[in-house]
2 protein chains.
Amino acid sequence: MKIALDAMGGDFAPEAAVAGAVLAAEQLAGKATIVLIGQEDAVRPFLQQHGAAAASLEFVPASQVIDMGEHPAKAFQQKQDSSIAVGYKMLLAGEVEAFCSAGNTGAMLVGAVFTVKNVPGVMRPAIANFLPKLHGGFGILMDVGANAECKPEMLEQFGELGSLYAQYVLGIAQPKVGLLNIGEEEGKGTPVIHAAHQLLKVNPHIQFVGNIEGRDLFNDKTDVVVCDGFTGNIVLKMAESIYDIMDEKSLHEPFFDMFNYETVGGSPILGINDNAIIGHGRSTPRAISNMLMQGYNMADSGIVDQIKATFKS
Amino acid sequence: MKIALDAMGGDFAPEAAVAGAVLAAEQLAGKATIVLIGQEDAVRPFLQQHGAAAASLEFVPASQVIDMGEHPAKAFQQKQDSSIAVGYKMLLAGEVEAFCSAGNTGAMLVGAVFTVKNVPGVMRPAIANFLPKLHGGFGILMDVGANAECKPEMLEQFGELGSLYAQYVLGIAQPKVGLLNIGEEEGKGTPVIHAAHQLLKVNPHIQFVGNIEGRDLFNDKTDVVVCDGFTGNIVLKMAESIYDIMDEKSLHEPFFDMFNYETVGGSPILGINDNAIIGHGRSTPRAISNMLMQGYNMADSGIVDQIKATFKS
């Protein structure tokens, strides 16, 4: 199996990307090969620094780079030889089984929709992230930013997508799905949330446990938390800032250390016909390596086939 | 000056309410008198327990109680001799200058709108809460739950109301107002957020600093964070749960200890013609006492007159 990495993506690319790829390659030896995509002149020196450790990595040249600040759709369409565009072309062609990038989030989303495309039946793909759980492991929070405003049917689908990921990638037998709201009672929240609640309640593919509140994100009430991309993004960035503040104050504790984005390394785009993962802009080698491991786990689990089968019916 | 307290409000009422009133009465000696409102049979034994320390407290009987689970509007209208209804009647009559309750949040909101009413020009009152700041003190977050869905003009008004509170009650000379969003760029977020951004940008009464993200809640970018009641409620309850988890793990640190709801004790309703504060359901005596101190500070600051003057123009 081959897992592709955008060597040019992230604030510390290509150095951190190459170092992360080397770390992941060691862990995946005999199971998967990492394919680095990027500008040859920029990437080669770092590959040489790692010497024999980088020997198992493959390299595919891409002459262009989409910068962090560029307009996603415009940049993706104009830079067809960018590392992100080349990565998606390889994914579409089946040359790699997952594509990871810590680069321009919007361009990664646009690339997903333009090349590998939505799974038929999925209205809008969403970005998932991970919630540390007090009693160990992670739950799923989605959407965390792809769709600021959502129709009730989209929220219902996020519940299904998250539940499939929890089941097939995280190995949770019967994932509990909750709807993030401002009260536990059915009548709470906005009209969109009321309607989503009714749809989730009767959806036969998931185990819906009802509304949960902001205080329930880390407890055992749910494995999957459904919300629009606006709310999810605020929750995610607030959680990241809590970790950063604790880290700055040298407060370390196993549960709160799971808030460190490096632990999971990236956010999968769910609802597309292939495995794509978006990493944090400031990804370190450890974060990049964990993102690649997640890419391997997604590809190995066959999650996309499960999503296709569910939305076919 | 007199500050009224609903002696029947909160999970540990009336015991915690009486104990909190005694604490506040000591701090406010010579400046304000605390008026307890509640069922005489229930409250008197606790007053007697405190002996001389409770001597300065006034007592006003109210034969009914609105329970935590009751329907707010129905309960408020049917129980006109409830402690919440009696409190608002005294507030309207000018017999007290602030009214505090850790009871039914919805009934407190309904009571505010039905009795003392909105300040003319204010579309919808909102509930404010407090964000601990890394460099000391608190900022304001609003709305945290009165209005799940907001029009752009309501969000603009929350910015004005929060700014006035920050200036006149917290003593921040030129409060910085930010709009909670999923990116700093103007084009980010939902159509409602875009429109609110444009309104806030040209509002002459505030110093608008633009969009802020979930990671900026605790830093110095703003003194006032504007959001709808859905987002604000999730942020508030998530922050409270972070404190609870840290407390359970015996992790204590001055900044994170400010996340303890007891520190500020209550959430003011802003945009009404008087001073009303809602406390946490599980309020302890310390929380009740701090809520009463906040009520005193609000009344003492003349914040309501400032709000009336601003919205008159």
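Protein chains get the first letters and strands the later ones, always in sequence-line order, with residue 1 at the start of each.
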**Student:** With side chain to side chain contact (heavy atoms under 4.5 Å, CB included) as the test, would you mind laying out the steps for A/I234 and B/I234 before giving the verdict?
**Tutor:** CA-CA 9 Å; A/I234 306 282; B/I234 306 282; over 6 Å; no

**Student:** For A/L180, which atoms come within 4.5 Å of any heavy atom of chain B: side chain, backbone, both, or neither?
**Tutor:** both

**Student:** Contact part of A/F259 toward chain B, heavy-atom cut-off under 4.5 Å: side chain, backbone, both or neither?
**Tutor:** side chain

**Student:** Of all heavy-atom pairs between A/G214 and B/S241, which one has the smallest distance, and what is that distance?
**Tutor:**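 Smallest interatomic distance, heavy atoms only, reads O-OG, 4.1 Å.
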
**Student:** What's the verdict on side chain to side chain contact (heavy atoms under 4.5 Å, CB included) for B/L134 and A/E248, showing C-alpha distance, side-chain angles and the deciding distance?
**Tutor:** CA-CA 11 Å; B/L134 276 162; A/E248 216 164 277; 5.7 Å; no

**Student:** Mind ranking B/A148, B/G232, B/G145 by heavy-atom pairs under 4.5 Å with chain A and telling me who comes out on top?
**Tutor:** B/A148

**Student:** So does B/K133 have more than 12 non-hydrogen atoms from other groups sitting under 6.0 Å from NZ?
**Tutor:** yes

**Student:** Which bit of A/N181 comes within less than 4.5 Å of chain B, counting heavy atoms only: side chain, backbone, both or neither?
**Tutor:**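 A/N181 touches chain B through backbone and side-chain heavy atoms alike.
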
**Student:** Which atom names give the shortest non-hydrogen contact between B/I182 and A/G229, and what distance separates them?
**Tutor:** CG2-O, 4.1 Å

**Student:** Once rounded to the nearest 0.5 Å, what's the spacing between atom OH of A/Y243 and atom CZ of B/R215?
**Tutor:**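 Atom-to-atom, A/Y243:OH and B/R215:CZ are 15.5 Å apart.
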
**Student:** Atom NZ of residue position B/K249 - does it have more than 12 heavy atoms of other residues, nucleotides or ligands inside 6.0 Å?
**Tutor:** yes

**Student:** Check whether A/L236 gets within reach of chain B through its side chain, its backbone, both or neither, counting any heavy atom under 4.5 Å.
**Tutor:**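 For A/L236, there is no contact with chain B at all, as no heavy atom is under 4.5 Å.
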
**Student:** About how many Å separate CZ of B/F256 and CZ of A/F256, when rounded to the nearest 0.5 Å?
**Tutor:**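 CZ of B/F256 is found 7.5 Å from CZ of A/F256.
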
**Student:** For the interface with chain A, which of B/D244, B/V235, B/I245 has the highest count of heavy-atom pairs at distances below 4.5 Å?
**Tutor:** B/I245

**Student:** Just give me the residue among A/T231, A/I242, A/L217 that pairs up with chain B most often, heavy atom to heavy atom, under 4.5 Å.
**Tutor:** A/I242

**Student:** Got a second to check how far A/N147's CG is from B/T190's OG1, nearest 0.5 Å?
**Tutor:**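 Between A/N147 CG and B/T190 OG1, I get 12.5 Å after rounding to 0.5 Å.
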
**Student:** Heavy atoms only, distances under 4.5 angstrom: which of A/E149, A/K188, A/K237 has the most pairs with chain B? Name it, please.
**Tutor:**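 Ranked by heavy-atom pairs under 4.5 Å with chain B, first place is A/K237.
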
**Student:** Could you tell me if the side chain of B/E213 sits less than 4.5 Å from the side chain of A/E240, heavy atoms only?
**Tutor:** no

